[in-house]
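Both backbone and side-chain heavy atoms feed into the values below; hydrogens, waters and symmetry mates do not. Note that ligands are numbered from 1 as they come in the structure, with each ligand's atoms numbered from 1 the same way.
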Amino acid sequence: MQNVTFNRKHLLGIRELAPGEITHLLDTAENFRDISRREIKKVPALRGRTVINLFFEPSTRTRTSFEIAAKRLSADAINISVSTSSMSKGETLLDTARNLEAMAPDCIVVRHSMAGAPQQLARMGNAPIINAGDGAHEHPTQALLDALTIREYKGRIEGLKVAIIGDVLHSRVARSNIYLLTKLGATVSIAGPGTLVPAEFAELVEQGLSVERRIEDAIEGADVIMILRIQRERQDAAFFPSMREYAVHYGLHPKHLERAAADAIVMHPGPMNRGVEIASEIADGSRSLILDQVTNGVAVRMAVLYLLAGGGHAEVDADATERIKHAAKAETRNGTTNGKRKRKQGNETPNR
Ligand code: CP
């Protein structure tokens with residue numbers, strides 16, 4: 001039996017995870033990725049379990065992929081958004097959560113504009129809580145799917161140079177990625193307008209983080225370029241003169257790619273502001289892994305739901321993970337998957 005290295009009840013952030021826990025989540029997601037490449041994309045792993053998606057902010061990718069993930073694991077998935085819940089009548093977040101808990105869900109996935117909302121629910125309730133993005137704090141499953149995508153195309157995380165460009169201040173994606181990538185041995189360069197790069201990251205310099213003012217300096221020699229969305233909804237002040245100005249100085253343009261490694265890949269968590277933080281020819285170009293990130297989001301969320309909503313029985317988890325791995329390998333050997341070609345590591349860049 002393999003050693004189980006993820007025994008937490010909740011997934012609230014990347015910051016508190018050990019490197020081994022992150023690697024275990026990624027390995028489990030890799031096994032689940034094969035299920036989504038089968039003709040019949042369903043396994044009975046969470047049959048009889050109930051997953052509630054509680055979203056207080058808009059979402060396309062995260063909410064949909066949690067729902068698809070739950071259904072591919074045979075769980076019952078219930079989606080609740082603020083406009084259709086009693087919060088629109090004045091009920092508090094905690095009362096809403098208490099009422100949902102009274103219906104005995106096996107897991108609650110929560111997205112909220114308030115940093116710390118999932119932690120609050122985890123403290124007061126019984127159900128496992130998964131943070132699907134809390135304010136500008138953390139978005140752990142996004143960082144995990146980004147890491148899974150990097151591992152898929154680069155074969156490793158350790159030793160890579162990753163440039164993270166843009167609105168770091170308001171970005172939960174940047175925070176979770178910075179914690180994850182530095183824990184797994186990547187070096188990370190962040191760049192953006194001074195007003196959008198927080199001083200708090202200075203403490204991570206010893207762990208392999210550098211803060212650059214110019215986008216060109218962060219991208220120099222980068223293996224991975226992650227572009228962040230300008231988060232207009234979280235900006236309560238003028239952090240830069242205009243979108244046009246931002247696009248000129250901090251938008252990713254084809255000329256920037258000449259400075260990166262020859263096989264550099266480009267990522268964006270979505271939703272994109274085309275022509276602002278990223279030029280369309282890059283977003284749709286051969287180096288872009290933006291849609292691969294979305295694909296891997298389902299596998300990561302299957303893994304997280306499986307480990308957290310599966311009843312918390314570590315030994316069962318280990319056995320079942322092994323079974324899934326063997327079944328997926330057998331299907332691949334038999335040629336029953338329609339998985340995409342694994343790209344060679346080296347100079348070959350993604351080509352879609
Ligand atoms: N990346 C991400 O969280 O996208 P959504 O807001 O669409 O979920």
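For R8 and E16, the salt-bridge test fails: no basic side-chain N is under 4.0 Å from an acidic carboxylate O. Under the 4.0 Å criterion applied to side-chain N and carboxylate O atoms, D27 and R151 are assigned as salt-bridge partners. The residues K161 and E212 are annotated as not salt-bridged, no charged nitrogen and carboxylate oxygen being separated by less than 4.0 angstrom.
Annotation: P269 places an N or O atom under 3.5 Å from an N or O atom of ligand 1; distance criterion only.
Between the CD1 atom in I290 and the CZ atom in R287 there is a gap of 13.5 Å [rounded to 0.5 Å]. Atom CD1 of residue I68 and atom CZ of residue R301 lie 10.5 Å apart, to the nearest 0.5 angstrom. In this structure, CD1 in I278 is found 10.5 Å from CG in N273, a value given to the nearest 0.5 Å.
Using 4.0 Å as the threshold, G133 has no heavy atom nearer than that to any atom of ligand 1. The closest approach between a heavy atom of E57 and any atom of ligand 1 is not below 4.0 Å.
Considering only non-hydrogen protein atoms, atom 2 (C) of ligand 1 sits nearest to T62 OG1, 3.6 Å. Protein heavy atom in closest approach to atom 4 (O) of ligand 1: R61 NE, 3.1 Å. Summary of contacts: the protein heavy atom closest to atom 6 (O) of ligand 1 is R111 NH1, 2.9 Å.
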For this session: Take E67 and N53 through the test side chain to side chain donor-acceptor pair (under 3.5 Å) and record every step on the way to the result.
Result: CA-CA 8 Å; E67 183 177 355; N53 285 326; 5.3 Å; no
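The ligand atoms of ligand 1 that sit less than 4.0 angstrom from a heavy atom of Q142 are 1 (N), 2 (C). For ligand 1 and G270, the ligand atoms under 4.0 Å from any heavy atom of the residue are 1 (N), 2 (C), 4 (O). In the vicinity of T60, heavy-atom distances shorter than 4.0 Å reach the ligand 1 atoms 5 (P), 7 (O), 8 (O).
Residue nearest to atom 3 (O) of ligand 1, selected from M272, H268, H139: H139 (by heavy-atom distance).
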